[in-house]
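Lettering follows sequence order; numbering is per chain, from 1.
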Protein chains: 2
Amino acid sequence: MTAPRTYEALRDELASRHDELSKRLKQIAEYALDNPNDMALETVSAIAERAAVQPSSLIRFAKAFGYTGFSEMQKVFRSHLVENGSNYKERIRSLGRDSVHQSNASSIVLDDFIDGGIAALSNLRDVISPERLEQTVDILAKADVVYLSAQRRSFPIASYLAYALAHLDKRCVLIDGNGGMFLEQARSMRKGDALLAISFKSYASDVVQLVKETRGKGIPVVSISDGVLSPLAQHSDVCLEVEEVEVHAFRSLSATMTLALTLVVALGHALDQSS
Amino acid sequence: MTAPRTYEALRDELASRHDELSKRLKQIAEYALDNPNDMALETVSAIAERAAVQPSSLIRFAKAFGYTGFSEMQKVFRSHLVENGSNYKERIRSLGRDSVHQSNASSIVLDDFIDGGIAALSNLRDVISPERLEQTVDILAKADVVYLSAQRRSFPIASYLAYALAHLDKRCVLIDGNGGMFLEQARSMRKGDALLAISFKSYASDVVQLVKETRGKGIPVVSISDGVLSPLAQHSDVCLEVEEVEVHAFRSLSATMTLALTLVVALGHALDQSS
DNA sequence: TTATTATTGGAATATATTTTCTAAATTAAG
DNA sequence: CTTAATTTAGAAAATATATTCCAATAATAA
């Protein structure tokens, strides 16, 4: 008699053994299937009250299904709650941890990055707010010239955006710091333009400073960054937050790239309509 | 001083007051934003351990944001977990898809690209042959200097590779055609080096020609391209084939980017072992 | 520097939660 | 209807968890 380790297995067990259960245990089984959230989050006594049973019945219930106590069964309900939620980060973290010590054959590495990339994309769907996306597109559409700023590993994103915006006949300047002219390139920004900055922790100081200065001049700033603590988020008019996944100590760019692509296409639509 | 009652409000508060917090409280704020699930489900001491702080700090943290204790704050994290869970989210999404079809089109675009990106990544797993991947890594590992060549929308990939290879202390030259010196940059290639070319149809003629010439000189050429008809595939020692998915007339770069990342990490392992 | 204030760590305490145990109630069998 | 077996309720005990408190440490101002 081994206890179910997943929510699905437990559900099946609850259903199939329902008939052979005693009256009170039946009652609890029904409550559990109806209110899995309560089972996951509430205390024994709270659940007991809501299900109109004694607390001790819940312990008997858990033991009847092979658990050592109620708490152990509750873990199963809790894990379900997490897996169902918008949290791909967890899965990815465990992925990263496991795979580091395993074989480093390159095809295994590829598998990890593919899994990580898929998770990051799924997560992107959950965390990007449509409103912010609209706002961003709006600001970019209205801008006379779009300035793009990114350094290091974010630079390829800006580089791609420069290419794509040019194809949309949207004027843009890629601040690439070529020839050490980072500030010089940025200086030509003026009212009516907009800045799109991309940076992740640890945030490139050039980009952060540029964002602050630009905002200070009253020029709209939109950014792509991670989390609310990002200095870009704090000093931008709109910030699109991306959670990139780290596998093998290297951060993927799939999600950010996909977001960039989306911006381009959405901007293309917006420009079509206004013209 | 009234405590935030929703997860979003709490998130905002955590971000905006982050600067004024003491060292330990900052640390906790960062952990909380990174691991909302832990905050929702784990016990004070478990969280304390994972965040490397004292349990009492967590209580002080909660009180600093106006709660009577940690448990009260935890409720906010828990409610978020429930709201995000199971069918609630699905309902909202499908609702949004139908009703707001015209007004905020950009989130629909995002959805499409995410689906496309996931499809491309899944496909990548099937089409990339481990042998070719190994061969590619092998060639790059043996090269004295790796030359990177890509144009237009593939350029960001090469740009990223240049960044990443530099981090591996692998010498590389990004042939970016800056100052119209495409051929000049390429001319310095010699025996012992290798060329990594990236191009998709319609193939940039510069890159194709460079591949042919380089091969002619007896310098190994590896490439990332699409399908067997690619001139890169025909004139390379090894070609990794990627099928990117086209959505809204724009090709994604997720799969290619993921492949590039994989190359970098696999190359890193290879270099570690040989040194 | 020294005095003052704020912050922190960690043991001690209070609270809450789970689990056990037993007498009472219910059910099933003869 | 009686008896044995099961199940249940509820209080008591054990455990886990949250919170408080204060000495030690670090930060800040004089």
Side-chain angles (χ1 to χ4, degrees), chain A residues 1 3-5 10 13-14 17-32 35-79 81-82, chain B residues 1 3-5 10 13-14 17-32 35-79 81-82:
Chain A
M1 170 144 47
R5 289 288 137 209
L10 177 52
E13 197 75 354
L14 251 43
R17 288 182 48 194
H18 185 258
D19 290 340
E20 67 191 63
L21 293 175
S22 75
K23 190 174 152 199
R24 211 41 42 100
L25 263 38
K26 264 201 186 80
Q27 190 180 339
I28 295 173
E30 280 156 25
Y31 185 86
N35 309 70
N37 286 348
D38 279 5
M39 295 297 282
L41 294 177
E42 298 299 317
T43 65
V44 171
S45 54
I47 298 168
E49 192 170 11
R50 295 187 195 187
V53 299
Q54 286 294 321
S56 54
S57 301
L58 285 170
I59 282 89
R60 270 186 292 121
F61 178 73
K63 292 196 170 177
F65 285 90
Y67 300 96
T68 63
F70 179 79
S71 304
E72 200 182 39
M73 172 182 255
Q74 193 171 44
K75 279 184 192 156
V76 176
F77 283 99
R78 288 193 171 183
S79 67
L81 203 54
V82 171
Chain B
M1 170 139 56
R5 288 290 137 207
L10 177 52
E13 195 75 357
L14 252 42
R17 288 185 48 195
H18 184 256
D19 290 338
E20 68 190 61
L21 292 176
S22 74
K23 191 174 154 198
R24 212 41 42 99
L25 262 40
K26 263 201 187 79
Q27 189 180 340
I28 296 173
E30 279 157 28
Y31 186 87
N35 309 71
N37 285 347
D38 279 5
M39 295 298 281
L41 293 178
E42 299 299 316
T43 65
V44 170
S45 53
I47 298 167
E49 191 170 12
R50 295 186 195 186
V53 299
Q54 288 293 322
S56 53
S57 301
L58 285 171
I59 281 91
R60 269 186 289 126
F61 178 73
K63 293 197 168 176
F65 285 89
Y67 300 95
T68 63
F70 179 82
S71 305
E72 201 184 35
M73 172 182 257
Q74 194 172 44
K75 279 183 193 156
V76 176
F77 282 100
R78 289 192 171 183
S79 68
L81 203 54
V82 172

Nucleotide [N], atom [atom2] - distance to [atom1] of [X] in whole Å:
X: B:E49; N: C:dG9; atom1: CD; atom2: P; answer: 14 Å
X: B:I28; N: C:dG9; atom1: CD1; atom2: C1'; answer: 12 Å
X: A:D38; N: C:dT17; atom1: CG; atom2: P; answer: 15 Å
X: B:E20; N: D:dT28; atom1: CD; atom2: P; answer: 15 Å
X: A:K23; N: D:dT8; atom1: NZ; atom2: P; answer: 8 Å
X: B:R24; N: C:dG10; atom1: CZ; atom2: P; answer: 10 Å
X: A:L58; N: C:dT17; atom1: CG; atom2: C1'; answer: 12 Å
X: B:K75; N: D:dT17; atom1: NZ; atom2: P; answer: 17 Å

Taking side chain as C-beta onward, heavy atoms only, is [X] less than 4.5 Å from [Y]?
X: B:M73; Y: B:L10; answer: yes
X: A:D38; Y: A:R50; answer: yes
X: A:Y31; Y: A:L58; answer: no
X: B:Y67; Y: B:V76; answer: yes

Mark yes when over 12 heavy atoms from residues, nucleotides or ligands other than A:E30 sit less than 6.0 Å from its CD; otherwise mark no.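 Buried by this count: over 12 neighbours within 6.0 Å.
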Nearest-0.5 Å distance that lies between atom CZ in A:F65 and atom CG in A:L14: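 Rounded to the nearest 0.5 Å, the CZ-CG separation comes out at 4.5 Å.
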Does a side-chain N or O of B:Q54 approach OP1 or OP2 of C:dT8 to a distance below 4.0 Å, or not?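 False: B:Q54 side-chain N/O out of range (4.0 Å or more) of C:dT8 OP1/OP2.
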For nucleotides 18-26 of chain D, give me one character per nucleotide, 5' to 3': B if any protein heavy atom sits under 4.0 Å from the base, S if the only such contacts are to the sugar-phosphate, - if neither. SBB------
